[in-house]
Amino acid sequence: MRFTSLVTFLGLLVPLAHAIDMDFTSTSSINSGLALIAKGLMDYYNGNETGQTPGMFSNPYYWWEAGAAWNSMLDYWYYTGDDTYNDLLKTSLLFQTGDNWDYMPSNQTTTEGNDDQAFWGITVMAAAEKNFSNPLPHQPQWLYLAQAVFNTMAARWDSEHCEGGLRWQIFKWNNGYNYKNTISNGCLFMLGARLARFTRNHTYAEWAEKTWDWVVEKQFINNETDAWPVYDGGNIEADCTDVVGLEWTYNSGLFMAGAAFMYNYTNETKWLTRIQSIWERSKIFYDTDTKIMYEAACQPTGQCNNDQRSFKGIYSRFLGLTCLMAPDMNAEIQEYLAATSVGVLRSCSGGSDGHTCGLNWQLDGWDDKYGLGEQMSALEALQNRLIWTRPPPLSESTGATSTGNGSAGSNTVNEMVRNQLDIETKDRAGAGIITTLLIILFLSTAWWMIV
Ligand SMILES: *[C@@H]1O[C@H](CO)[C@@H](O)[C@H](O)[C@H]1NC(C)=O
Ligand SMILES: *[C@@H]1O[C@H](CO)[C@@H](O)[C@H](O)[C@H]1NC(C)=O
Ligand SMILES: *[C@@H]1O[C@H](CO)[C@@H](O)[C@H](O)[C@H]1NC(C)=O
Ligand SMILES: *[C@@H]1O[C@H](CO)[C@@H](O)[C@H](O)[C@H]1NC(C)=O
Ligand SMILES: *[C@@H]1O[C@H](CO)[C@@H](O)[C@H](O)[C@H]1NC(C)=O
Ligand SMILES: *[C@@H]1O[C@H](CO)[C@@H](O)[C@H](O)[C@H]1NC(C)=O
Ligand SMILES: *[C@@H]1O[C@H](CO)[C@@H](O)[C@H](O)[C@H]1NC(C)=O
Ligand SMILES: *[C@@H]1O[C@H](CO)[C@@H](O)[C@H](O)[C@H]1NC(C)=O
């Protein structure tokens with residue numbers, strides 16, 4: 001499905017097939033429908049071709065979105081059992097880890113933000129929870145990678161400005177370094193909540209609590225009414241009080257699902273109240289009559305960029321996780337997903353293949369839009385109706401086999417120190433050298449932090 005406008009044009013003249021007709025009471029009908037949409041998603045993947053980079057989707061899709069798209073494919077396998085793409089999925093997740101196994105590959109570090117890194121981290125967290133085929137022993141394991149992403153993010157907690165929180169960007173030279181955004185902090189919150197439930201190491205839950213409290217204190221989530229909007233973020237120059245009032249589906253979903261993992265882990269009703277309050281406001285993302293989902297901040301004006309076109313998919317995935325971890329929410333959320341799926345199926349009727357999915361699901365047909373985000377969103381909205389057909393996310397105590405290490409992510413610095421200690425045990429006379437090396441290490445770390 002490489003589109004040129006000519007192909008699209010011909011596709012309109014000679015439709016090869018009509019909308020995907022999916023009967024949600026029939027497993028084979030569901031699976032064949034989802035297979036077409038998943039194939040459509042993978043048509044944007046070219047990382048397995050000569051000269052291309054494993055893990056990356058074709059231009060113009062950013063690295064972060066590839067991380068998110070692989071989670072869609074992971075869940076696709078989990079709910080349908082179709083393992084056609086599992087090798088590509090596994091290769092991709094392992095190829096992009098970076099030398100330090102923390103999803104900061106050197107090709108990305110000049111532009112990588114906390115949220116970019118986190119979307120890969122969330123995907124490997126899901127791989128651990130779904131007991132996805134473990135890497136070889138000498139390779140990094142899914143849990144390890146998720147912990148490394150969490151630990152490196154937590155280490156960036158910035159108490160110097162706005163009394164805490166993560167900046168959007170990791171590096172000073174990038175636009176947005178002075179912006180503290182909801183998505184980056186929401187990702188830390190979610191990873192903390194999921195790691196707490198998975199490992200039962202309470203330190204992760206403390207981080208999740210701390211992140212939640214900060215986001216609410218800064219009013220990025222406004223908790224003053226019964227329905228809580230989740231806003232976009234604020235700038236350091238204004239002590240983060242200049243809250244940007246954009247509301248994106250995926251931010252709302254991120255906090256609902258994170259709160260649902262906390263609810264599942266703690267069984268504290270305050271977390272259920274928080275989910276319910278965000279969900280109430282989240283209804284602005286649905287047409288009031290049809291209950292069909294849309295991206296309210298950009299869709300009506302036709303302004304959704306490539307990133308934003310994928311948000312409904314990520315949101316749908318988080319809705320599914322919310323249902324799984326807080327079953328009290330299941331009935332109503334699934335009702336909205338069911339209503340939405342009617343629109344999705346009508347929309348997946350475009351392009352030269354006759355089942356390309358569009359952006360606007362309110363229409364009776366395809367809206368002429370297509371892309372990785374559109375395919376992801378359609379796939380996720382549909383497959384998250386199947387959440388109860390497979391076991392809920394596993395944890396270490398319920399049979400997950402992925403292994404990790406609470407110190408993951410700090411290996412670079414630790415390794416340097418360890419090498420120096422080796423020298424020490426071999427040759428005490430080398431103590432002076434060690435001191436020198438440690439000073440150099442300290443200075444270079446300090447230099448790194450300043451730069
Ligand atoms: C790359 O993977 C796709 C599946 O998405 C497959 O159809 C294609 O043949 C593969 N290409 C190569 C060069 O292996
Ligand atoms: C980094 O980019 C180079 C050049 O395009 C490519 O050969 C390499 O595979 C990439 N590595 C990763 C991890 O993306
Ligand atoms: C709203 O958040 C603030 C700051 O965390 C907290 O003090 C207050 O109790 C919260 N209100 C509700 C209704 O949850
Ligand atoms: C969770 O809380 C509910 C109500 O507070 C209680 O009925 C239930 O037994 C608790 N479950 C666990 C696993 O603690
Ligand atoms: C936690 O999740 C499991 C699996 O879906 C569910 O059975 C259980 O009821 C959940 N716990 C709470 C407190 O909702
Ligand atoms: C997880 O995967 C391992 C290795 O493939 C397998 O032995 C184990 O039975 C699986 N556990 C569950 C709960 O699926
Ligand atoms: C975990 O990582 C730390 C630091 O790299 C290392 O010292 C430790 O041996 C590791 N623990 C296990 C159980 O592998
Ligand atoms: C628990 O998690 C924290 C935070 O990552 C880590 O520092 C600590 O080593 C972990 N504890 C265990 C017992 O794994």
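Whatever order the structure lists ligands and atoms in, that order sets their numbers, starting from 1. None of these values were measured; they are calculated from a predicted model.
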Does an N or O from Asn223, backbone or side chain, lie closer than 3.5 Å to an N or O of ligand 3? yes

Enumerate the protein residues lying less than 4.0 Å from ligand 1, judged by heavy-atom distances, in chain and residue-number order.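 Those residues closer than 4.0 Å to ligand 1 by some heavy atom are Met42, Asn48, Tyr85, Leu88.
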
So is Asn267 polar-close to ligand 5, meaning N/O to N/O under 3.5 Å?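 It does not: no N or O of Asn267 is found under 3.5 Å from an N or O of ligand 5.
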
Does any N or O atom in Leu324 lie less than 3.5 angstrom from one in ligand 5, N or O only?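 By distance alone, the answer is yes.
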
Between Arg346 and Trp361, is any pair of side-chain heavy atoms under 4.5 Å apart? no

Taking 4.0 angstrom as the limit and counting only heavy atoms of Val216, give me the atoms of ligand 3 inside it, by number and element. 1 (C), 2 (O), 5 (O)

The side chain to side chain donor-acceptor pair (under 3.5 Å) partners of Lys90 (sequence neighbours excluded) come to Ser133

Trp271 touching ligand 5 at heavy-atom level, < 4.0 angstrom: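 Contact check Trp271 vs ligand 5: negative.
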
Check whether the side chains of Glu380 and Asn384 place a donor and an acceptor atom closer than 3.5 Å, and report yes or no.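 Asn384 and Glu380 do have a side-chain donor-acceptor pair below 3.5 Å.
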
Between Thr152 and Gln117, does any side-chain donor sit less than 3.5 Å from a side-chain acceptor? yes

I want to know whether [X] and [Y] have ring centres closer than 6.0 Å.
X	Y	result
Trp157	Trp207	yes
Phe132	Trp77	yes
Tyr231	Phe220	no

Thr401 vs Glu396, side-chain contact (heavy atoms from CB on, under 4.5 Å): CA-CA, chis, key distance, verdict: CA-CA 7 Å; Thr401 53; Glu396 278 174 354; over 6 Å; no

Which atoms from ligand 5 have a heavy atom of Pro392 less than 4.0 Å away?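 Taking each heavy atom of Pro392 in turn, ligand 5 has 4 (C), 5 (O) under 4.0 Å.
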
What atoms of ligand 5 come closer than 4.0 angstrom to any heavy atom of Trp388?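 The list of qualifying atoms is 5 (O).
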
Which of these passes side chain to side chain donor-acceptor pair (under 3.5 Å) with Lys312: Gln299, Glu295, Glu374?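 The side chain to side chain donor-acceptor pair (under 3.5 Å) with Lys312 is passed solely by Gln299 among Gln299, Glu295, Glu374.
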
Report the part of Tyr265 in contact with ligand 5, treating N, CA, C, O as backbone and CB onward as side chain, heavy atoms under 4.0 Å; options are side chain, backbone, both, neither. neither

Step-by-step ring-ring contact (aromatic ring centres under 6.0 Å, His included) determination, Tyr286 to Tyr294: CA-CA 6 Å; Tyr286 301 82; Tyr294 70 110; 8.3 Å; no

